[in-house]
Asks: 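The structure that follows is given in the form of structure tokens.
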Amino acid sequence: MSTCPGNCARCTLDTCVRKASTGRGATRGRHRGRGPSAPVPRDHDLVYLYDGTLEGFFSAVFATYVHHEHPCNIVARRHLQLGLLQGLREIVTRQDHAVRVHDGLVDKLGLHEYERIKVGFLSDAEDKGGIVYRYIAYAMHAGSWAARDHTHPDVADFDRIWQQVYGERHRMLQFARFSKTANGVYCAKIAPNANVVPLMMGHFAARFNTQPFLVYDEVHHIAGVSQEGRWWLVPTERFEIGPLAAGEAQVHDLWKRFYDAICNEERRNPRLRMGFMPKRLWGNLVEMDPLARLDTRNEFGLARPATAPPDGEGASRPAGTLPDEGELPQPPGTLPARGGLLGPAETPLDESIDKRGPAQHPLELPADAAAVPTPPACPVPPALPPPT
Amino acid sequence: MDTMTKLELLTAAAKYDVACTSSGIDRDARLGHLGSTTCAGICHSFSADGRCITLLKVLLTNSCLYDCAYCANRRSNDIPRVAFRPQELAELTMAFYRRNYIEGLFLSSGIVRSPDYTMELLCHTLSILRESLGFEGYIHAKAIPGASEALVGRLGRLADRLSVNIELPSERSMQVLAPDKSHASATAPMGIIASKVAQDRVDRASSRKRRQRFAPAGQSTQLIIGASPETDLDILMLSSSLYRRFDLKRVFFSAYLPHNDDSLLPGVAADVPLEREHRLYQADWLMRFYGFEASEIVDEEHPFLDPLLDPKVSWALQHPELFPIEVNTAPYEMLLRVPGLGVRGARRLVRARRHVTLSHDSLAALRLQLKRMQYFITCNGRYRAPLAFEPELVRSRLVADAVSARAKRKGGLELAPGQLSLFEEAQPLLDGGPDARDLLPPEAAPFQPFQREQLRAFAAQERKLASLPAAGCMS
């Protein structure tokens with residue numbers, strides 16, 4: 001006859017009272033106050049409609065408690081697609097309701113969980129409203145300990161969308177490329193599959209606190225603007241980056257040259273690259289620009305090996321020769337004389353570099369393009385303390 | 001000589017050094033200074049060979065005194081020799097950094113005039129970056145073997161990570177291929193760096209003043225695979241002793257790319273040992289994150305790693321008495337040894353089993369890949385896998401999976417419509433005890449259509465397997 005092993009993880013009894021009461025399995029004495037762990041019910045005939053903001057979403061969550069309902073999804077107006085026989089409840093955004101939900105979440109689950117909920121809310125998934133709502137409802141009902149049970153379906157769903165958003169944020173930190181415009185602002189355009197600009201700006205604002213910059217999300221129509229370590233979000237439908245700074249094209253070319261030169265041709269593996277850097281991101285990457293490859297590639301599209309061409313042939317000034325013809329070759333282990341390290345200091349890179357005409361780059365518009373429009377007037381946020 | 005050409009030449013010269021991570025140190029930004037670092041590192045791009053680009057990886061100059069046989073920049077090679085000016089390189093780094101192309105700079109150099117002189121040039125460049133331009137991003141610098149201790153100290157205060165490449169895994173290979181260097185000349189600066197890093201940790205603990213740290217992201221090194229005849233056993237033993245002696249963060253393995261025509265080296269047409277490099281990295285991960293010892297992965301009887309199975313599966317199949325393990329009760333160290341279960345998966349599993357008894361469905365809810373794990377675990381006593389746990393059967397199934405995955409990656413065979421590829425996977429079962437090499441799809445083999453007899457034999461084999469006693473509760 002088997003007896004209670006004292007450790008619910010090892011229990012094989014089917015008649016355990018603890019198991020019966022929870023209906024799921026292992027529980028320990030200190031979870032006495034945990035409550036039922038059943039998944040939050042869904043009423044497939046009911047959908048809530050809100051305005052797309054976080055306050056609106058929290059008002060919708062508040063409304064579910066008021067009306068004792070469990071909508072299967074909570075959607076913003078622009079994504080609404082009602083199924084047959086589905087009922088709709090429109091939610092009015094109320095600040096006091098939203099604040100009550102916020103306070104309840106922070107009190108019961110803590111600030112860290114609340115931040116995770118905000119990150120999950122930024123997802124673009126169709127059913128994100130329903131997923132986040134069910135996670136909130138389950139966590140509030142079952143407690144913060146149960147909210148960390150990743151095998152529970154509501155928690156597992158939320159975990160999945162949180163991971164998608166956070167992964168997209170990391171990808172945008174990796175692949176956002178800035179270009180200097182004529183007025184000195186560094187601009188980047190991104191096309192993420194989640195609304196991650198609010199999550200990126202802290203990192204960039206601290207790192208690039210010495211330069212004004214702007215990140216424009218062309219899918220979600222929101223721009224993050226930063227200067228001297230402080231940052232703001234500016235929703236804007238359209239945004240055109242103005243003319244690029246003089247010398248910007250040369251920096252783009254330098255980067256492309258570097259990108260091509262660093263590849264080991266014997267290990268060429270485009271599939272591996274695509275696994276890390278999917279093609280959907282290539283549109284905004286300077287180095288993947290198919291235009292303006294310059295003369296770095298031979299007729300097969302492979303990078304030129306870095307060897308000097310034979311004497312009497314080749315480019316006008318073969319690589320490796322010095323401006324003064326007739327100089328003796330340098331002995332090994334010494335610096336090239338003219339390209340050496342002891343020459344006079346050069347002027348800054350952006351201005352003095354090789355004077356070629358600017359190559360056409362996707363970010364660079366023709367000269368008669370509209371200037372950068374001023375963003376719509378928005379209330380100036382209070383001054384933030386400088387980052388430590 | 002313009003910056004564009006210099007950049008291209010010196011990048012092409014530096015690309016053989018595979019160490020390119022920007023990890024190991026979390027440094028917050030400072031107002032008025034450009035830059036910060038993150039502990040995990042950020043890969044900003046991926047080159048066409050699939051490797052990550054996170055730092056501006058260049059040589060300061062490719063002019064070199066030495067004549068190491070394996071090096072593209074050796075003094076007997078006829079290549080154009082160029083050099084950056086320190087100011088030029090520092091400004092190039094800043095220009096790329098501002099545009100979020102890179103996390104920082106990776107700076108190495110050919111040996112010019114003497115090791116000390118080269119180190120002084122490196123220090124000069126880095127001090128322009130750090131002190132004049134106020135750069136707070138990541139810097140990985142190569143310390144030159146043979147340099148003085150004071151210069152190594154100065155370089156470490158400017159850089160975040162230092163490294164000294166050992167390149168050749170044994171002293172004998174070094175004498176043959178790089179007579180100007182020796183193992184001692186490489187390990188001496190590594191010892192200096194290790195002791196200074198340790199000293200710096202002690203000083204930081206005892207003093208509150210903000211001071212420049214010495215190589216806060218530690219040090220690393222590189223070994224070339226395939227240029228010399230060492231076995232995987234030699235390489236892994238050396239690697240684990242380096243980790244112990246010098247407290248290294250990483251040992252990198254670089255498959256030898258044949259570009260020098262030299263009688264001492266594999267010919268120019270030789271294969272690049274990518275598979276071997278991959279297995280060595282897997283073994284290195286096992287040693288660093290999964291608690292394996294080098295002697296468990298390779299030994300005198302099996303001095304090379306299996307090319308078709310990863311080292312973790314090989315080890316598990318050599319110790320069948322330990323498996324299958326019960327996921328609800330096994331200790332974390334044992335869970336790490338389950339093939340198909342990584343560090344994150346094991347952590348998720350351990351956290352989840354505090355809440356609930358795990359079943360196969362809950363493992364799926366935790367997003368764990370059961371494809372390989374299923375043979376080595378039981379959930380609450382239940383074993384759910386297509387095959388009973390017999391090492392030979394599991395081995396042949398996993399080898400068949402690996403072969404078909406590889407064929408699929410390489411474009412697969414041409415299948416006529418309506419014909420299944422099931423037959424490919426069934427072959428190992430028909431042969432009974434396959435040799436791993438036989439299963440590699442030969443390049444010129446035409447696709448074999450189904451034969452009636454083979455179909456019948458396949459069906460008979462399946463029936464035989466199904467009739468094996470199902471593995472019951474392993475109590």
Side-chain angles (χ1 to χ4, degrees), chain A residues 9-10 24-26 148-151 156 173-174 176-179 186 206-211 229 251 253-255 257-259 261-264 266-270 272-273 276-277 287 306-308 319-320 330 332-336 338-341 343 345-346 348-350 353-354 386-387, chain B residues 1-9 11-12 15 29 31-36 42-50 53 57 61 63-65 75 79-83 85-88 91-92 95-96 98-101 111-113 121 257 272 274 328-329 348 352-353 355-357 362 365-366:
Chain A
R10 284 209 195 97
R24 271 177 60 80
R148 283 182 235 140
D149 174 12
H150 291 276
T151 57
L173 292 184
Q174 293 176 285
R177 299 276 186 258
F178 290 89
S179 296
Y186 286 81
R207 175 174 283 205
F208 299 133
N209 64 77
T210 54
Q211 64 201 34
V251 181
D253 294 341
L254 282 167
W255 176 240
R257 284 274 184 125
F258 172 77
Y259 179 82
I262 201 150
C263 170
N264 277 310
E266 299 94 333
R267 300 178 64 132
R268 201 171 183 91
N269 195 342
L272 184 60
R273 170 175 63 175
F276 290 119
M277 196 160 79
E287 62 267 29
T307 50
Q330 295 293 319
T334 58
L335 297 162
R338 289 297 291 231
L341 300 170
E346 283 190 334
L349 189 70
D350 285 48
I353 199 89
D354 197 21
Chain B
M1 186 63 58
D2 60 315
T3 305
M4 195 89 73
T5 320
K6 280 195 220 177
L7 179 65
E8 190 182 11
L9 289 171
T11 306
K15 68 187 180 193
L31 196 60
H33 294 251
L34 181 78
S36 64
I42 300 180
C43 295
H44 282 288
S45 190
F46 292 87
S47 57
D49 56 17
I53 299 173
K57 187 169 11 175
T61 175
S63 181
C64 191
L65 272 178
R75 73 165 179 259
I79 53 172
R81 309 280 174 175
V82 293
R85 294 203 176 92
Q87 183 74 22
E88 180 185 24
E91 280 163 9
L92 183 65
F96 282 174
R98 287 178 196 287
R99 291 159 175 83
N100 203 39
Y101 296 166
I111 318 295
V112 168
R113 223 187 273 179
L121 292 176
L257 302 171
V272 179
L274 289 176
N328 283 296
T329 57
R348 254 185 265 150
R353 71 184 183 185
H355 295 269
V356 72
T357 308
S362 40
L366 291 173

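None of these values were measured; they are calculated from a predicted model. Order of the sequence lines sets the chain letters (A, B, ...), proteins ahead of strands, with each chain counted from 1.
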Asks: Is B/Phe96 close to chain A through its backbone or its side chain, or both, or neither, when contacts mean heavy atoms under 4.5 Å?
Replies: side chain

Asks: Pick one of side chain, backbone, both or neither for B/Leu7, based on which atoms fall under 4.5 Å of a heavy atom in chain A.
Replies: side chain

Asks: Kindly indicate whether the side chain of B/His355, heavy atoms from C-beta on, has any atom under 4.5 Å from the side chain of A/Thr151.
Replies: no

Asks: Do A/Gln211 side-chain atoms and B/Arg98 backbone N/O form a donor-acceptor pair below 3.5 Å?
Replies: yes

Asks: Nearest 0.5 Å, what's the NZ-CZ distance between B/Lys15 and A/Phe258?
Replies: 11.5 Å

Asks: Is B/Cys64 close to chain A through its backbone or its side chain, or both, or neither, when contacts mean heavy atoms under 4.5 Å?
Replies: backbone

Asks: How close do A/Ala156 and B/Ala365 get, counting heavy atoms only, and between which atoms?
Replies: CB-O, 4.1 Å

Asks: With rounding to the nearest 0.5 angstrom, report the CH2 to CD1 distance, A/Trp255 to B/Ile53.
Replies: 5.5 Å

Asks: Top residue by heavy-atom pair count (under 4.5 Å) with chain A, among B/Asp49, B/Ile42, B/Thr11, B/Leu257?
Replies: B/Asp49

Asks: Between A/Asn264, A/Leu272, A/Ile262, which residue shows the highest count of heavy-atom pairs closer than 4.5 Å to chain B?
Replies: A/Asn264

Asks: Could you report the tightest heavy-atom contact between A/Ala206 and B/Ala29, atom names first, then the distance?
Replies: O-CB, 3.0 Å

Asks: Out of the candidates A/Glu287, A/Gln174, A/Arg273, only one should pair with B/Ser45 under the side chain to side chain donor-acceptor pair (under 3.5 Å) rule; please name it.
Replies: A/Glu287

Asks: In terms of heavy-atom pairs under 4.5 Å, which option from B/Ser47, B/Ala352, B/Ser362 contacts chain A the most?
Replies: B/Ser47

Asks: If we ignore hydrogens and angles and just use 3.5 Å, is the side chain of A/Arg177 paired with the main-chain N or O of B/Tyr101 as donor and acceptor?
Replies: no

Asks: If you compare all heavy atoms of A/Leu173 against all heavy atoms of B/Asn100, which two are closest, and at what distance to 0.1 Å?
Replies: O-ND2, 3.0 Å

Asks: Please report the interatomic distance CD(A/Glu266) to CG(B/Leu274), rounded to the nearest 0.5 Å.
Replies: 9.5 Å

Asks: Output the distance between atom CG (B/Leu34) and atom CG (A/Asn209), rounded to the nearest 0.5 Å.
Replies: 7.5 Å

Asks: Is there a side-chain contact between B/Met4 and A/Leu254 (heavy atoms, below 4.5 Å)?
Replies: yes

